[in-house]
A.B. asks: 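Encoded as structure tokens, here's the structure I'll be asking about.
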Protein chains: 2
Amino acid sequence: MERRLGTLLGQVARLMRRRFDQRAREIGITRPQWQVIYVLRRHEGIKQGELAEILEVEPITAGRMIDRMQDAGLVERRADPTDRRAWRLFLTERGQGLVGQLEPLSVEISDLALAGVSDAEQAQLFETLEKIRLNLSGKPIAPAHDED
Amino acid sequence: MERRLGTLLGQVARLMRRRFDQRAREIGITRPQWQVIYVLRRHEGIKQGELAEILEVEPITAGRMIDRMQDAGLVERRADPTDRRAWRLFLTERGQGLVGQLEPLSVEISDLALAGVSDAEQAQLFETLEKIRLNLSGKPIAPAHDED
DNA sequence: AAAACTTAGTAGGCTTGCTTATTATTGACC
DNA sequence: GGTCAATAATAAGCAAGCCTACTAAGTTTT
């Protein structure tokens, strides 16, 4: 076996998303939307750009997702009182109500994925993935050099 | 930090794909397309369904990708002599020619991602991810029970 | 041989994600 | 105060991924 890192990661990520979406479809939600709810629950009133940064997606991606979630009555856009360009995001009651259903589903899928993986192995996995995430999140590809 | 496995995996996978695509765009190719080339290089003449199975995507996803790659002159569909429903897939010369450029790029992105990750840690990562992949690939969610 | 089932691929329609380009503000500088 | 640059969000357009539904061709059953 000489799998590539990107291929393997992509496959595993996709399989997890597929599992989640299959189960969550009856609730009428997708995994990325669940992630938005998850973030908004503890960051009430953030701006779209801040949401995008937390999710590490482009602002337009977050904006379109908010469009759909607003149509579905899951989130609410309120005008920012100090900046007329910006929106402040809030969960609706309906949005908050889903947490109770989605949290257990999320745990269930994780458990399925991690069956037979020891606690130590899990901890190691998270640590390594976090390291990789930081490697990829940073500035372009150029090596470090002081600010100017 | 109490990140979710799916979230973290999804983010890391997306960041890797984004890096690859940014660099490969000048060549006019995407990472999923590179994966198709990679598979076809050593599985000449497979059918679309077989390709889909290897990539673990749905047949329609593979079919649409082949549409685009055929338009781009990267792959060729040839009729299956024994089954008029099926296509056999082949790389064009142009498709084969890209391997030399994409292989190093692929390695480069992996190296960037794995900077500061020891060999042992990498081996562990691959092993754990493969375990997870198998957990997720299996039959539905139901427990095993004999064929009937 | 005819009917019924299975298999290979495609069509339509949706979400997520990106890039590039635009609009509307805000903030900084002269 | 007026211009100019930076920032928040959106628009258009594309790829990849999915689901459901369909067609056409093989295969099996009767």
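So that the names make sense, note that chain A is the first sequence line, chain B the second, and so on, each numbered from 1.
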A.B. asks: Is it true that I60(B) and I54(B) fall in one hydrophobic cluster, defined by side-chain heavy atoms closer than 4.5 Å?
C.D. replies: no
A.B. asks: Rounded to the nearest Å, what distance is computed from the CZ atom of residue R64(A) to the P atom of nucleotide dA9(D)?
C.D. replies: 14 Å
A.B. asks: Heavy atom of residues 81-101 of chain B under 4.0 Å from DNA chain C: which residues?
C.D. replies: R85(B), A86(B), W87(B)
A.B. asks: Taking atom C1' of dC19(D) as reference, at what distance in whole Å does atom CZ of R19(A) sit?
C.D. replies: 16 Å
A.B. asks: I'd like to know if E58(B) pairs up with R64(B) as an ion pair, taking the criterion as any Lys NZ or Arg NE/NH1/NH2 lying under 4.0 Å from an Asp or Glu carboxylate oxygen.
C.D. replies: no
A.B. asks: Could you please name the option among dG13(D), dA9(D), dG17(D) that lies closest to any side-chain atom of P32(B)?
C.D. replies: dG17(D)
A.B. asks: Is the CD atom of E53(B) crowded by more than 12 outside heavy atoms at less than 6.0 Å?
C.D. replies: no
A.B. asks: Take atom CG of D80(A) and atom P of dT7(D), then tell me their distance rounded to the nearest Å.
C.D. replies: 16 Å
A.B. asks: I'd like to check Y38(A) versus V99(A) (side-chain heavy atoms, cut-off strictly below 4.5 Å). Are they in contact?
C.D. replies: no
A.B. asks: Any chance the side chains of Q70(B) and R77(B) put a donor and an acceptor closer than 3.5 Å?
C.D. replies: yes
A.B. asks: Contacts to DNA chain C from residues 51-59 of chain A, heavy-atom cutoff under 4.0 Å, which residues?
C.D. replies: V57(A), E58(A)
A.B. asks: Do E76(A) and R88(A) sit within salt-bridge range, that is, some charged N less than 4.0 Å from a carboxylate O?
C.D. replies: no
A.B. asks: Ion pair present between R31(A) and D21(A), side-chain N to carboxylate O less than 4.0 angstrom?
C.D. replies: no
A.B. asks: What's the CG-P distance between D71(B) and dC14(D), to the nearest Å?
C.D. replies: 13 Å
A.B. asks: Between Q22(B) and M65(A), name the one whose nearest nucleotide on DNA chain C is closer to the 5' end.
C.D. replies: M65(A)
A.B. asks: Between Q11(B) and T7(B), do the side chains contain a donor N or O and an acceptor N or O under 3.5 Å apart?
C.D. replies: no
A.B. asks: Does a side chain donor of either R4(A) or S110(B) reach within less than 3.5 Å of an acceptor in the other side chain?
C.D. replies: no
A.B. asks: For I132(A) and L15(B): C-alpha separation, side-chain torsions, deciding distance, then whether side-chain contact (heavy atoms from CB on, under 4.5 Å) applies.
C.D. replies: CA-CA 10 Å; I132(A) 294 176; L15(B) 291 172; over 6 Å; no
A.B. asks: Between M16(A) (CE) and dG17(D) (P), how many Å, whole number?
C.D. replies: 18 Å
A.B. asks: Within the structure shown, what part of the strands sits under 4.0 Å from T61(A) by heavy-atom distance: base, sugar-phosphate, or nothing?
C.D. replies: base
A.B. asks: Assign each of Q33(A) and I60(A) to its nearest nucleotide of DNA chain C by heavy atoms, then name whichever residue's nucleotide is nearer the 5' end.
C.D. replies: Q33(A)
A.B. asks: Using a 4.0 Å heavy-atom cut-off across all strands, classify R68(A) as base, sugar-phosphate, or nothing.
C.D. replies: base
A.B. asks: When you match R77(A) and R25(A) each to their closest nucleotide on DNA chain D, which lands nearer the 5' end?
C.D. replies: R77(A)
A.B. asks: Taking only side-chain nitrogens and oxygens of R18(A), does any of them come within less than 4.0 Å of OP1 or OP2 of dG17(D)?
C.D. replies: no
A.B. asks: Check every nucleotide of DNA chain C for an atom under 4.0 Å from a heavy-atom of chain B, then give the first and the last such nucleotide from 5' to 3'.
C.D. replies: dT7(C) to dT20(C)
A.B. asks: Taking CD1 from I66(A) and C1' from dA11(D), how many angstroms apart are they, rounded to a whole number?
C.D. replies: 17 Å
A.B. asks: Please determine if a side-chain N or O atom of Q35(B) lies less than 4.0 Å away from the OP1 or OP2 oxygen of dA16(D).
C.D. replies: no
A.B. asks: I'd like to know if the side chain of S106(B) reaches the main chain of L102(B), judged simply by a donor and an acceptor atom lying under 3.5 Å from each other, with no hydrogens or angles considered.
C.D. replies: no
A.B. asks: Let me know the distance between CZ of R17(A) and C1' of dC19(D), rounded to the nearest Å.
C.D. replies: 13 Å
A.B. asks: Look only at the side chain of R14(A) and the backbone of E56(B), and say whether a donor-acceptor pair between them is shorter than 3.5 Å.
C.D. replies: yes
